[in-house]
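So the structure is just underneath, and the comments pick up after that.
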Amino acid sequence: MDRYAKVVVRSNTVHTDNLFTYKVPEFLIEELKEGHRVLVPFGRGNKPVEAFVFEIINYLEEDIKTKEIVDVLDEEPIFRSEELDLVKWMKNRYLCTYIDCINLIYPKGYKLNNYKVATISDDLKKLNDTQLKEFIINLDEKYQQVIELIEKNKGKVKVEKLKFIPNINNILDRMNKNNIISLHWEYKDHKNEKKVCYLALTMEDEEIDEYVKANKINLGSKQKEIINFLKYNKDVEINDAMEILNVSKKSITSLHDKKLITLRLEDYYRNPESIYTSSYKEINLNEEQRYAINKITSEMFDENKKPYMIHGVTGSGKTEVYMEVIDYALNQGLDSIVLVPEIALTPQTIDRFKNRFGDIVGVFHSQLSEGQKHDVYKAIKAGKVRILIGARSALFAPFNSLGVIIIDEFHETSYKSEKNPKFSAIEVAKYMALKKDVSLVLGSATPSIDEYYKAKQDEYKLIEIKSRANKKPLPKIEVVDMKNELNVGNKSIFSFRLQQEIKEAIKNKNQVILFLNRRGYASFVSCRKCGYVFQCDNCDISLTYHKRNNVGRCHYCGYEKEIPKECPDCGSTYVKPFGVGTQKIEEELKDIFEDIKVLRMDKDTTSKKGSLEEILNKFKNQEAQVLIGTQMLSKGLDFENVTLVGILSADMILNFPDFKSFETTFQLVTQVSGRAGRSDKEGIVILQTYDTDHYAIRRAINYDYEGFFDDEIKIRKVFGYAPFNNMISVVISGANENLVKQNAQNMYDSIIYLLQNRGINNFEFILGPNPCSISKINQNYRWQILFKDDNIEINLLKGIIKYICITKRDVVFNKDVNVSIDINPNNVL
DNA sequence: AGCACGCCGACT
DNA sequence: GTCGGCGTGCTC
């Protein structure tokens, strides 16, 4: 019986984002499985490309011509059927391509390179040397050049290496047609796996000297050293040997040539103990923690269990709960995934897991190279890594028996991807939990409003932890009204109250954390006379002033320019920086408190590898009294000597033009406050704001999450925001402003037309087209249309957007504009 | 997208 | 008739 395979072809465009049907050749019928990686001829030139088998069928659904699969690329399928389902689900949910999803869940451990080659045609090969020479001499000069190059390259040359010849494609075409050369595609399948080389002697220790003598082998002193070393050390890694003995690779290969040693290649990852033994440590868990652990572990093998949401105040010991749950799972033979918001910011968490569980803890994040990712995947498949800590992409790790997924600080925006596929790790985790019966645990001190609403609707089992693990109360938050500070003549960024508390903390040898949501020195530079504001040349963004080298820097594209003394517009010298950034805080702090030691933690000081750890260690070792930082500070840092937290301006986040800004304010205030008083010392928080009456501030200072939730959910309901509606953002961008605008309008008109055809005449759920809040990034103008699934079924809405933006893309949009679809985006800038 | 192919004008 | 360049349309 005939067999056919429906495959997804590796080609990075939406135009080929379909399932293609290929005939399965006779010799592969037995072997080929769904999830296999195969090689198929694609396009008119039958270019060999990598493809992924999604389905195997034994009849053709319609009368289409098919080509045959060339070969299967790996012994085993790389995807299980549940992973294929996940790809299909994500593609549909986030309106992205198959390949976007495949790239996400399968690190490119293998690289398939294809290239076109030219060889002498079979006809010419039949000629003898003199005939050939005569034939060539009569050819066009350019033809001769090509043949020369082919012969120089041992009868075969890559077409891409001939590109320096003008009009080469035409020349090759004609030579091909005239049967002078033949053109065809070749490929190479690279395995991108890291291997380690081990050395060992080929014979017993005693025999070796005799063998050397008997065969009269000359050994250099270095070579003798290696042999002696190997007598006493078994299985030496080649790099170690080279380093310890200070020998070159040449000496080692030469010993190998003399058949005295063997070289053995093995997979890169270390061999940790693969059998897990629980290292019992007395941990004092409080009743609430124990309840949470019991609840989750007792239901681990229940079918159709709901996901859990742990709402625990800052410092409530959620990590201990996670670790106990994971420990239980391990003892039951189940593996775990722990998602953290940003791997770089959580060295403390990783340390805690490694201390407790040892070598079976793996780390995974997007900054790893493709090869490194592949190594981690292999270790997971081999059962050598059983707990994986990572950013959102760690969710797709190929565990054989996954039992637990934990998402820590799940309210963080980093769980939503900004690039294709623009997935939400929480949504995907829920999908996976449902399909695989995994225990999913979301934890946060400040749950996002939409998920908490769902918890109240019984989609989650809500577990509350209301007391801190150290039994200390949460630090008191004191509000300072900055309007009054101005009235009493304090123009400084620091209120008198905050200054007083800083003094007090330093006197008592305690530490201080100051939080400000903006890096740099000043938020913008402008001319006091004419109001000119320095802007980025590439983006619609004002430049942030960085005092050290007197430049304005764009925080979107990195553009920098020197700030002149005179206004480029009116020529006046009243050019001044406005607003405050972390740099300015540092400067002003040093003005007020002489001899104070300050550390600054923001994107500017932590961009170098290892610099974050350095800053954290310095602060931990009390080398500085004050740590100034941005958002980064809110993410789970634990310093026992911090007694004072200063929030310098809560308004900055509050006034952000986004519907989630109140939620973000509440979360940041709560999280940052939670950094104080984490050990035996009690903490205090000073919060400075101009808007003392705002409910986000009032609720936050009382740690009243429920109250904030009640206030906020009413507003969300009235305006139809999440969780009551989904929001879909379509951004059209391009270098030509008019074209972008026109295309946005074109899309709007097409959508309206389709909706009217379906009898829908109320378009209030569509906003736009409008220029984006940030109307230009990197020389690209941006227009936006926003949709809410108000009065329209989400799948109908998505179907229409998909039809316009993907299926009919070429008709609706110019090829020079870029169309980006985001389902429930983090922000709508 | 990326590739092959076909059409057309220029030039010998 | 040949060369060089560009526009077009399809991909199992």
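All values below come from the heavy atoms of this structure, side chains included, with hydrogens, waters and symmetry mates left out. The sequence lines fix the lettering, A, B, ..., with proteins before strands; numbering per chain opens at 1.
For B:dG2, neither phosphate oxygen OP1 nor OP2 lies less than 4.0 angstrom from any side-chain nitrogen or oxygen of A:Trp185. The phosphate of C:dC12 (OP1 or OP2) has no side-chain N or O of A:Lys65 nearer than 4.0 angstrom.
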**OP:** Take A:Lys435 and A:Asp85 through the test salt bridge (charged side-chain N to carboxylate O under 4.0 Å, His left out) and record every step on the way to the result.
**Re:** CA-CA 10 Å; A:Lys435 293 272 163 185; A:Asp85 287 343; 5.7 Å; no
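The nearest whole Å value for the distance from the CZ atom in A:Arg10 to the P atom in B:dG2 is 14 Å. Distance, A:Phe42 CZ to C:dT11 P: 9 Å, rounded to whole Å. Atom-to-atom, NZ of A:Lys142 to P of C:dG5 comes out at 8 Å; the value is rounded to the nearest Å. Taking atom CD1 on A:Ile168 and atom P on C:dC3, their separation rounds to 13 Å, with Å as the unit. Per the geometry, CG belonging to A:Asn12 stands 11 Å off P belonging to B:dC3, to the nearest Å. Rounded to whole Å, atom C1' of C:dG1 lies 12 Å from atom CG of A:Asn178. Taking atom OH of residue A:Tyr22 and atom P of nucleotide C:dT11, one finds them 10 Å apart after rounding to whole Å.
Toward the 5' end of DNA chain B, the nearer of the two residues A:Lys116 and A:Arg809, judged by each one's closest nucleotide, is A:Arg809.
Checking B:dC3, C:dC12, C:dT11 against the side-chain heavy atoms of A:Thr21 singles out C:dC12 as nearest. Of the candidates C:dG4, C:dC3, C:dG9, the closest approach to any side-chain atom of A:Tyr143 belongs to C:dC3.
Geometrically, A:Lys91 engages A:Tyr98 in a cation-pi contact defined by less than 6.0 Å to the ring centre and at most 45° from the axis.
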Between the protein and nucleotides 7-9 of chain B, list every N/O to N/O distance that falls short of 3.5 Å.
none

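Classification of the A:Phe52-A:Phe79 ring pair by plane angle, with boundaries at 30° and 60°, yields tilted.
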